[in-house]
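In what follows, chains are A, B, ... by sequence order, proteins preceding strands, each numbered from 1.
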Protein chains: 2
Amino acid sequence: MTDDALRRELLDIPPTDPAVDRLVEEIIGRVADKWTMLLIEILTERGCCRFGELSRACEGISQKMLTQTLRAMERDGLVTRTVYPVVPPKVEYRLTDLGLGLSKAFCGVWIWAEENFRRIEQARSDYAERKAAEGGAG
Amino acid sequence: MTDDALRRELLDIPPTDPAVDRLVEEIIGRVADKWTMLLIEILTERGCCRFGELSRACEGISQKMLTQTLRAMERDGLVTRTVYPVVPPKVEYRLTDLGLGLSKAFCGVWIWAEENFRRIEQARSDYAERKAAEGGAG
DNA sequence: ATTTATACTTACCAAAAAGAGAGCATGGGC
DNA sequence: GCCCATGCTCTCTTTTTGGTAAGTATAAAT
């Protein structure tokens, strides 16, 4: 019996399907990514964006990464990609319901970050100081 | 005037401090990471863990990544690290209030993933099919 | 004296990620 | 006839990441 199974038995926590667990973890891994999160935020705010607009709004992203991230999001059903057959090309991206749901779910994390960034900065300088003190004395 | 500034003016959205924006984005990038999210989940469930326990609970993580991730979390003030001066060594990790807050914020994302993984799987197979069809016909 | 246990740290190496920059397609404006 | 705009794709190179394996410290058990 694994650690976890024993713990679950002792604490009376229902067992989980490991296949589902792995899938959920894989999705979290896929989706918990800086650019994905940023794009979702931008698309939530603006509703509908062309490639170039996203490129400008998502500061620091390379064309390659943008394409890649958008493709992955499309594949996972988070955005729709609409191609207008005009020249020069026009392509629009928009969140799906699924993507909007993730946006809402992730909203809490943005709020947390906005509310707590000062504490994190503080923690970082405290940590640096502690390390410096250790280096000097310990 | 940037795209964004113009948009904000037109839509009457208050301007944001770009320094804060960047910091918040950096924090999101730091924290929206598979292992960080997993460790936070494990620590939320168990309250307090030794290194070895985390190592076993966090399936697939290497010692190096575990150490690295825990250090980063400690630096950011998400966990405390308590060293007991015994042999063999004993070190305990526990979420701080800050970490617990993030845990709560992430909770929404876990729930979203659990509720929607089937739709994502579906979207993926739809996408694959569409691509295959395009490859054959387009 | 040797083994064991724990929580690392370090060095090395392979693999993956990501940036830079060129190329492509094409209708309209000059 | 040529250039521009857009949204890519492709290649090449660099950077980053992450795994593996070995080393460290030390008291207690054998």
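Atom CG of A/L66 is separated from atom P of D/dG7 by 10 Å (rounded to the nearest Å). In this structure, B/K64 places its NZ atom 10 Å from C1' of D/dT16, rounding to the nearest Å. The separation between A/I61 atom CD1 and C/dA17 atom P is 15 Å, rounded to whole Å. Between the CG atom of B/L54 and the P atom of C/dT6 there is a distance of 14 Å, rounded to whole Å. Rounded to whole Å, the distance from CZ on A/R71 to C1' on D/dC8 is 7 Å. As rounded to whole Å, 8 Å separates atom C1' of C/dA17 from atom CD of A/Q68. Distance CD (A/Q63) to C1' (C/dG19): 12 Å, rounded to an integer number of Å. Nucleotide C/dT6 holds its C1' atom 14 Å from the CD atom of B/E53, rounded to whole Å.
In this model, no donor atom of one side chain and acceptor atom of the other lie less than 3.5 Å apart for A/Y127 and B/R75. Side chain to side chain, B/T69 and B/T36 fail the donor-acceptor criterion of an N or O pair below 3.5 Å.
Between B/R50 and C/dT6, a side-chain N or O to OP1/OP2 separation shorter than 4.0 Å is absent. The side chain of A/R81 places no N or O atom within less than 4.0 Å of a non-bridging phosphate oxygen (OP1 or OP2) of D/dG7.
With respect to A/E74, the salt bridge (Lys or Arg N to Asp or Glu O under 4.0 Å) criterion is satisfied by exactly one of B/R124, B/R130, B/K131: B/R130.
Along DNA chain C, the nucleotide nearest to A/P88 and the one nearest to B/T67 differ in position, and the one closer to the 5' end is contacted by B/T67.
Atom CZ of A/R118 has 12 or fewer neighbouring heavy atoms from other residues, nucleotides or ligands inside a 6.0 Å radius.
When each of D/dG7, D/dC8, C/dA7 is scored by its nearest atom to the side-chain atoms of A/Y93, the top-ranked nucleotide is D/dC8. For B/M65, the listed nucleotide lying nearest its side chain is D/dG19; candidates were C/dA22, D/dG19, C/dC8. Among the nucleotides D/dA5, C/dT26, C/dA18, the one closest to any side-chain atom of A/V87 is C/dT26. Considering only side-chain atoms of A/S62, the nucleotide from C/dA18, D/dC8, C/dG19 that sits closest is C/dG19. Side-chain proximity of B/P89 to C/dT6, D/dA22, D/dG7: nearest is C/dT6. The listed nucleotides are D/dT9, D/dG7, D/dA5; the one nearest the side chain of A/F51 is D/dG7.
Salt-bridge formation is detected for the pair B/E53/B/R46: a Lys NZ or Arg NE/NH1/NH2 atom is positioned less than 4.0 Å from an Asp or Glu carboxylate oxygen.
Nucleic acid contact for A/Y84: none, since no nucleic acid atom lies under 4.0 Å from a heavy atom of the residue.
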